[in-house]
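All remarks here apply to the structure that follows.
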Amino acid sequence: MNITKICCIGAGYVGGPTMAVIAQKCPQIQVTVVDLNAERIAAWNDENVDNIPIYEPGLSAVVAEARGRNLFFSTDVEKAIDEAQVIFISVNTPTKTYGKGKGMAADLKYIELCARQIAKIAKNNKIVVEKSTLPVRTAEAIKSILDHTGNDVQFQILSNPEFLAEGTAVQDLLNPDRILIGGDESAEGKKAIQALVDIYSNWVAPEKILTTNVWSSELSKLTANAFLAQRISSINALSELCEKTGANINEVAKAIGMDSRIGSKFLKASVGFGGSCFQKDILNLVYIAKSYGLHEVADYWEQVIIMNDHQKKRFSSKIVQTLYNTVADKKITFLGWAFKKDTNDTRESAAIYVANDLLNEQAQIAVYDPKVSRKKIVADLDYLETRQSEKNANGISTFDNPYEACKNAHAIAVLTEWDAFVDYDWQQIYDGMQKPAFVFDGRNILNKSELEAIGFVYQGIGS
């Protein structure tokens with residue numbers, strides 16, 4: 001099957017970068033990314049490519065190369081669906097906030113809307129690719145919708161989960177550990193799988209492209225994120241023990257990470273993991289296990305989330321306790337709001353929850369993040385629905401300059417591991433702060449001895 005036109009529904013953190021790289025590596029294929037959010041599409045089409053809505057190192061250069069050649073961003077969803085041979089679904093699948101499965105199950109309403117729209121518009125056979133993170137057997141539901149509400153069109157449903165780490169997404173796409181493609185084991189299903197294999201083969205080595213059945217592919221995505229999140233929660237659980245016993249979590253992590261059976265990745269103790277995937281996917285896994293009556297399995301994985309929530313709560317409590325058990329009317333500066341460095345994504349960022357706790361204690365929060373806007377910061381707090389929007393806006397001040405953000409602060413909390421923070425003039429920051437000046441290093445990136453030599457009271461995670 002010769003694929004010449006691809007459509008991706010969803011211009012977010014997965015759809016935008018993935019399609020940009022496919023367009024760059026497959027100039028013979030027309031790639032159209034569609035989204036109903038006109039503001040977002042306008043940003044993707046901005047003449048200044050540095051203004052695209054997703055910040056990823058290297059992404060703007062990829063978009064600049066392919067945009068207008070064979071990469072297009074549009075709000076005309078119907079036209080793109082009609083013309084495409086392969087349709088990627090890359091819309092949001094948040095955790096449900098209502099009804100059965102509230103707080104655990106994935107909300108599939110956007111997936112269903114996409115399926116119904118595809119079924120309504122399609123006039124010829126299509127390959128539909130799940131790119132969003134979905135619970136096991138979602139493909140079955142999508143196929144049911146397409147087969148029963150379509151125009152006698154034949155659809156093949158493939159699962160092609162993303163394994164992108166924000167901050168390194170472009171490199172992850174250019175040099176993936178693996179490409180996973182799940183599909184039906186029928187003759188037509190195998191043809192569809194091969195069509196997608198042929199697209200990725202333009203730049204990915206054959207041995208890195210794995211093909212499975214649909215269900216294995218869907219479950220592999222959830223499991224991968226669950227395993228990674230489990231490692232973070234495990235090392236964070238030990239960080240609290242280190243603080244009580246006098247051990248150093250960085251030394252412990254280095255020692256166990258040198259064991260080849262364990263390895264060093266994802267053993268960095270911190271205030272907790274965030275992002276769009278880990279918590280959502282583990283909760284999804286918990287919900288699936290419970291739905292099959294596997295309560296011990298569900299309890300096991302749920303503990304990863306409980307530990308992560310505890311770590312964030314413990315961090316904010318430590319700030320209050322250290323500042324003489326009150327932060328009322330005290331200025332606390334957050335360095336970083338994004339959930340990790342090299343991204344402007346703030347979903348499930350630890351900063352949101354720590355700020356929420358401190359605002360409830362009537363602290364004044366000042367925030368500096370090089371890539372996150374004030375609008376987004378206030379919106380993140382409003383989403384928690386714990387206080388009125390006006391109070392959030394009044395309790396939060398944001399700065400374009402880190403030194404101004406730290407001026408007259410009682411304490412600094414490092415919530416994102418931006419590389420630049422390490423190289424700041426910390427003597428200048430200290431001179432402008434209230435005394436005693438506290439630093440709470442939620443990412444363990446600063447040099448404790450150097451800061452204490454200046455005069456800071458330093459507290460890191462697990463030491």
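All values reported here derive from a predicted model rather than from experimental measurement.
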Exercise. Taking only residues two or more places apart in sequence or in another chain, which ones pass side-chain contact (heavy atoms from CB on, under 4.5 Å) with Asn51?
Worked result: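 Expected list: Asp46, Asn48.
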Problem set entry | Qualifying residues under side-chain contact (heavy atoms from CB on, under 4.5 Å), relative to His310, sequence neighbours excluded |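 With sequence neighbours excluded, His310 shows a side-chain contact (heavy atoms from CB on, under 4.5 Å) to Glu240, Met307, Arg314, given in chain and number order.
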Exercise. Passes salt bridge (charged side-chain N to carboxylate O under 4.0 Å, His left out), Asp309 versus Lys313? Steps please.
Worked result: CA-CA 6 Å; Asp309 291 341; Lys313 180 69 69 175; over 6 Å; no
Distance under 6.0 Å and angle within 45° of the ring axis: does [X] meet both against [Y]?
| X | Y | result |
| --- | --- | --- |
| Lys126 | Phe155 | no |
| Lys371 | Tyr55 | yes |
| Lys221 | Phe163 | yes |

Less than 4.5 Å apart, side chain to side chain, heavy atoms only: is that true for [X] and [Y]?
| X | Y | value |
| --- | --- | --- |
| Gln117 | Cys114 | no |
| Ile29 | Val86 | no |
| Val214 | Ile157 | no |
| Leu358 | Ile319 | yes |
| Leu158 | Asp184 | no |
| Gln364 | Ile332 | no |
| Leu210 | Ile181 | no |
| Ile461 | Phe315 | yes |

For this session: Please step through side-chain contact (heavy atoms from CB on, under 4.5 Å) for the pair Leu335 and Cys406, ending with a clear verdict.
Result: CA-CA 9 Å; Leu335 291 181; Cys406 295; 4.2 Å; yes
Give, for atom [atom1] of [X] and atom [atom2] of [Y], the distance between the pair rounded to the nearest 0.5 Å.
| X | Y | atom1 | atom2 | result |
| --- | --- | --- | --- | --- |
| Glu162 | Ser90 | CD | OG | 7.5 Å |
| Arg347 | Ser349 | CZ | OG | 12.0 Å |
| Ser316 | Tyr353 | OG | OH | 12.5 Å |
| Asn236 | Lys312 | CG | NZ | 10.5 Å |
| Ile121 | Glu83 | CD1 | CD | 11.5 Å |
| Leu222 | Ser217 | CG | OG | 10.0 Å |

If only atom types and distance count, is the side chain of [X] paired as donor or acceptor with the main-chain N or O of [Y] below 3.5 Å?
| X | Y | result |
| --- | --- | --- |
| Gln85 | Thr4 | yes |
| Arg374 | Ile396 | yes |
| Arg178 | Ile209 | no |
| Lys331 | Lys407 | yes |
| Asp441 | Val414 | no |
| Asp172 | Ala165 | yes |
| Asn70 | Gln30 | no |
| Ser233 | Val304 | yes |
| Ser216 | Thr212 | no |
| Arg40 | Pro53 | no |

Problem set entry | Intermediate values then yes/no, salt bridge (charged side-chain N to carboxylate O under 4.0 Å, His left out), Asp82 and Lys123 | CA-CA 7 Å; Asp82 180 50; Lys123 300 181 184 66; 3.6 Å; yes
Problem set entry | Nearest heavy-atom neighbours spanning Ala11 and Ile41 |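 For Ala11 and Ile41, the tightest heavy-atom pair comes out as CB-CD1, 4.1 Å.
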Exercise. For the residue pair Phe273 and Phe278, does the interplanar ring angle fall in the parallel (under 30°), tilted (30 to 60°) or perpendicular (over 60°) class?
Worked result: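 Perpendicular, since the angle between the ring planes exceeds 60°.
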Problem set entry | Candidate list Asp35, Leu36, Ile9, test side chain to side chain contact (heavy atoms under 4.5 Å, CB included), partner Val91, passing option |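 The option that passes is Ile9.
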For this session: Start with the C-alpha distance between Val372 and Val367, add both sets of side-chain angles, then the distance that settles side-chain contact (heavy atoms from CB on, under 4.5 Å), and finish with yes or no.
Result: CA-CA 10 Å; Val372 181; Val367 183; over 6 Å; no
Exercise. Does the pair Glu112 and Lys109 meet the rule for a salt bridge (charged side-chain N to carboxylate O under 4.0 Å, His left out), with working shown?
Worked result: CA-CA 5 Å; Glu112 182 177 344; Lys109 63 183 178 184; over 6 Å; no
For this session: Let me see the working for Tyr13 and Asn344 under side-chain contact (heavy atoms from CB on, under 4.5 Å), right down to the final yes or no.
Result: CA-CA 10 Å; Tyr13 284 90; Asn344 59 349; 3.1 Å; yes
Exercise. Taking it one step at a time, do Glu166 and Lys340 satisfy side-chain contact (heavy atoms from CB on, under 4.5 Å)?
Worked result: CA-CA 8 Å; Glu166 289 182 68; Lys340 63 184 290 189; 4.3 Å; yes
Exercise. Hey, which of Asp380, Asp369, Thr416, Thr346 is the one that makes side chain to side chain donor-acceptor pair (under 3.5 Å) with Trp337?
Worked result: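 Output: one option passes, namely Asp380.
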Problem set entry | CA sep, side-chain torsions, deciding dist, call: Asn160, Lys131, side-chain hydrogen bond (donor to acceptor under 3.5 Å, both in side chains) | CA-CA 5 Å; Asn160 177 217; Lys131 202 65 183 171; 2.8 Å; yes
For this session: Taking the six-membered ring for Trp and the full ring for Phe, Tyr or His, determine whether the centres of Tyr368 and Tyr403 are under 6.0 Å apart.
Result: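 Tyr368 vs Tyr403: aromatic centres not under 6.0 Å.
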